[in-house]
Amino acid sequence: MNARSQTRAGTRPPRKILFVIEKLTARSGGAERVLIETANALAARGHMVEIASHEFRHGTPFYPLAPGVIAVNLRPPRRGLRRIVGRARDLWHKVMPDLPPFDLLTWVSRNGGFWRRLQAYIRATEPDVTIAFMPPATTALALAEPGHKMRRVTSTHNAPVQDFHNPVRWDPSRLDRRRRLRLMGKMDRIAVLLPEYRDFYSAALQARALVLPNAVPQIAPEVLAASPRRKTVMAVGRLATVKRHDLLIEAWAKIAPDFPDWDLRIYGEGPLKADLAARIAQYGLTNAHLMGHQTNVAECYLEASILAHPAEFEGFPLAVTEALASGLPVVGFEDCSGLNRLVKDGETGILVAADGDRLAQYSAALAGLMRDPTRIRQMGAAGPASMAAYAPDAVIDLWEEMLFDADVPRGGLAG
Amino acid sequence: MTPALDVLLPHYRDPAGLKLSLSSIAAQTWGGRMRVIIVDDGSPEPDRIEAEEVAQEFARTSGIDMLFLVNAQNLGRPKTRNRLLDAVEADHVTWLDAGDIWYPEKLEVQFNHLSRLRMAGVDIDRIWVTGAYDWQQVGSTSARTLQQQVQGDQVLELLDGGNLRAYLWTLLGTARAFRIAGRFDERLPRLQDLDYFLHFVRGGGKLVVPEDNRPLCRYFKSDIGRNAREVHACHKLILAKMQPVIQTQPPALRSKLHYKANRLAARFAKSNGNRLLAANYLAQAAFGSPRHTLRVFKSVLTGKASRA
């Protein structure tokens with residue numbers, strides 16, 4: 001059981017790694033999946049890995065943890081007096097104006113517990129490296145004083161403009177948006193998903209930034225060759241506004257009469273489920289289905305013909321990468337960050353023009369591809385090779401370099 | 001040829017205890033191929049030389065493979081145990097401390113139980129087999145048998161320590177199962193076993209006991225020479241690491257755990273003749289955990305009343 005021999009290179013001693021994310025219990029999002037898959041892979045290489053969350057809901061993560069990976073929730077349950085105080089604080093957060101000095105009080109009320117408890121836990125466990133996923137955890141990690149030598153890393157999972165300037169994401173206060181970016185200066189490493197995301201940061205921060213894409217499971221060629229493709233257009237993602245499933249359903253309503261032997265399957269759960277179901281019913285679409293969350297979605301990619309992904313913006317969309325690796329052409333918008341980097345227009349999919357009537361243009365592009373099985377096959381065949389650079393082993397090698405090596409590895413896989 | 005079992009045995013300044021332990025290994029009824037790995041933790045040279053002679057004699061007379069490693073200086077038990085983990089090559093792992101002994105059927109009973117679990121479709125790479133043991137205070141002639149109760153929440157049971165105790169020498173498991181526990185926390189000169197067990201269970205591992213509940217080993221317990229302050233600090237650190245788990249529990253349990261940390265330190269202080277320090281820890285137990293102290297008083301009074 002020589003611990004050193006478990007690491008790929010055979011040279012890295014086992015380290016203590018702490019991942020931090022605000023919410024993990026039962027969450028099936030892309031960032032949560034990347035976090036757990038990375039944690040599992042690092043544990044398989046002999047490292048001691050823990051994942052700390054800070055949430056009221058106490059339960060198990062949606063994605064399975066590998067043996068040895070510990071998930072811990074730092075937030076006490078909201079019971080008794082905590083429940084009463086918590087409700088009073090929720091009310092406070094709603095009614096207080098976003099102006100000094102109320103904004104500072106509200107900010108401390110919202111974020112103080114996270115960084116205080118994280119600091120206590122870091123001091124007790126003394127990890128060699130702590131990695132924050134997404135802005136709330138990054139803020140908590142930046143403010144925590146470890147009391148020992150520790151590398152601080154943040155792993156970003158969106159286009160930076162969404163993480164730092166979008167007023168409706170994360171803590172909506174202006175104070176938090178200002179602090180979020182300033183506190184990035186406390187990070188020793190900043191992982192970004194794509195090279196252009198690194199350009200967002202100042203020169204000082206760029207020196208610590210590394211392009212670290214998500215790992216994409218590779219599909220064996222014989223599996224791809226043996227996959228029976230149906231006339232199915234699929235979409236995968238949380239049923240939320242940003243994914244624009246509403247636009248996809250409207251597009252489908254326009255083109256479905258011309259394609260009676262095709263169906264549309266939308267995989268995922270989310271707050272818009274009822275609204276989307278109502279739209280499908282309103283248009284009388286018998287060949288459009290909300291599939292809910294499927295644990296075997298990897299197999300679904302192998303049975304479909306096209307991935308429709310009309311999202312407004314993305315970080316490094318897992319659904320797109322998995323579809324490309326599974327031999328599916330992808331139809332998305334040219335201004336969708338992340339997607340427009342991964343999909344090569346005309347080669348592995350179609351990037352629909354963003355200007356003009358988006359619905360009409362998207363409908364036309366999708367229908368055009370559905371009519372052309374040769375193009376579907378050609379684009380589908382080009383997809384897997386375009387994802388080869390994101391093979392899990394290569395990405396985990398890069399993670400280890402970022403977490404443990406003295407120098408910032410410049411560029412990363414996609415840099 | 002790779003052994004089926006690596007026996008991990010740390011040693012420090014106790015060649016006579018090492019001899020006792022190795023004799024109990026040689027007497028095992030389990031017939032598989034095993035290797036004993038001993039790490040001497042920087043004992044003074046006469047002790048180290050004598051221990052090595054004892055180990056060589058054991059290897060020669062028993063025919064069991066043996067590896068004797070030496071720390072150039074005294075590094076403490078957690079680092080020594082981590083060095084032992086680094087040396088593992090076998091598919092199965094077990095532990096023994098110099099001075100403690102296994103009964104002859106220990107390995108056979110535990111291997112049989114692992115086989116039964118495997119046949120039943122259990123993932124034995126997440127299992128540690130523990131078992132009952134005899135507990136004998138050094139200097140006493142009698143021992144008492146303690147059962148390991150593995151029902152319930154094993155994290156809480158290990159923290160409580162009443163029904164399930166973290167003793168490495170009771171264990172047998174696959175090398176993969178031991179990977180779940182990671183490595184020993186080198187900041188814990190004492191109680192690192194408890195921390196290691198907790199990591200195993202929190203990491204998805206499970207402790208089981210054989211159906212045959214006869215004692216499998218004998219632990220010779222001594223508090224002498226163990227620094228109460230060190231024990232107390234280690235206990236506090238473990239409770240701090242476990243704070244996210246403990247805070248989800250009812251106040252009565254939280255009070256009990258903090259009471260026990262102080263009581264344990266008081267016991268070590270008293271055993272080593274430092275009554276003032278023992279009183280200090282007892283006072284911390286009483287004032288820091290008044291809820292549990294009252295319960296203890298109540299049970300003591302009730303016990304006295306019933307005896308009367």
Side-chain angles (χ1 to χ4, degrees), chain A residues 1-6 13-18 20 39-40 42-61 64-82 113 116-128 147-148, chain B residues 2 5-6 8 37 81-93 123-128 155 173-188 195-196 198-206 234 236-251 254:
Chain A
M1 195 173 47
N2 189 326
R4 285 168 189 266
S5 69
Q6 293 170 38
R15 305 290 183 91
K16 286 166 77 173
I17 302 170
L18 176 65
V20 188
N40 289 349
L42 289 168
R45 292 190 177 191
H47 301 294
M48 294 173 69
V49 183
E50 291 196 44
I51 305 171
S53 62
H54 188 259
E55 54 193 323
F56 288 121
R57 191 156 55 151
H58 282 243
T60 52
L65 297 174
V69 177
I70 294 173
V72 60
N73 185 352
L74 304 178
R75 191 163 210 165
R78 235 178 187 183
R79 288 195 295 244
L81 186 61
R82 282 185 192 280
R116 186 171 52 79
R117 293 186 186 103
L118 178 62
Q119 175 174 285
Y121 196 66
I122 286 173
R123 287 183 172 190
T125 55
E126 291 198 359
D128 296 304
H148 73 290
Chain B
T2 308
L5 173 69
D6 276 332
L8 309 184
I37 308 171
R81 284 177 161 164
N82 282 336
R83 190 171 179 200
L84 282 162
L85 285 174
D86 286 343
V88 168
E89 291 175 356
D91 291 335
H92 295 83
V93 173
D123 178 6
I124 62 166
D125 288 337
R126 288 177 178 250
I127 296 290
W128 280 353
V155 170
T174 65
R176 283 178 179 275
F178 275 92
R179 280 186 202 129
I180 292 176
R183 296 170 72 76
F184 290 90
D185 189 333
E186 296 181 356
R187 298 172 300 157
L188 294 170
D195 184 67
Y196 190 68
L198 287 167
H199 201 104
F200 172 71
V201 176
R202 294 172 71 207
K206 188 179 175 190
C234 290
K236 286 289 183 189
L237 179 55
I238 291 172
L239 292 181
K241 290 169 81 169
M242 296 301 298
Q243 176 60 20
V245 176
I246 294 170
Q247 72 186 359
T248 65
Q249 300 304 311
R254 283 182 259 160

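We name chains A, B, ... by the order of the sequence lines, and we start the count at 1 in each one.
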> If I measure from the heavy atoms of chain A, does B:Asp185 come under 4.5 Å with its side chain, its backbone, both, or neither?
side chain
> Taking the side chain as every heavy atom from C-beta outward, state whether A:Arg82 and A:Pro76 have any atom pair closer than 4.5 Å.
yes
> Where do B:Ala87 and B:Ile37 come nearest, in terms of heavy atoms and distance?
O-CD1, 3.8 Å
> Are the side chain of B:Glu89 and the backbone N or O of B:Asp6 linked by a donor-acceptor pair below 3.5 Å?
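Answer holds: no.
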> At a heavy-atom separation under 4.5 Å, does B:Gln243 approach chain A through its side chain, its backbone, both, or neither?
neither
> Please look at A:Pro77 and chain B and tell me whether the side chain, the backbone, both or neither of the residue comes under 4.5 angstrom of a heavy atom of that chain.
side chain
> What's the shortest heavy-atom distance between B:Val88 and B:Ala175, and which atoms?
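That would be CG1-CB, 4.4 Å.
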> Quick one: what part of A:Arg79 sits under 4.5 Å from any heavy atom of chain B, side chain, backbone, both or neither?
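Interface part for A:Arg79: side chain.
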> Side chain from CB out, backbone as N, CA, C, O: work out which of these in B:Ala181 comes under 4.5 Å of a heavy atom of chain A, or both, or neither.
backbone
> For B:Lys236, look at atom NZ and say whether over 12 heavy atoms of other residues, nucleotides or ligands are found less than 6.0 Å away.
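Yes.
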> Chain A heavy atoms under 4.5 Å from B:Arg126: which part of the residue, side chain, backbone, both or neither?
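For B:Arg126, the contact with chain A is made by the side chain alone.
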> Can you tell me which of B:His199, B:Arg187, B:Met242 forms the most heavy-atom pairs within a distance under 4.5 Å of chain A?
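Counting heavy-atom pairs under 4.5 Å, the top option is B:Arg187.
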> Counting N and O atoms only, with roles assigned by atom type, does the side chain of B:Asp195 sit under 3.5 Å from a partner on the main chain of B:Phe184, one being a donor and the other an acceptor?
no
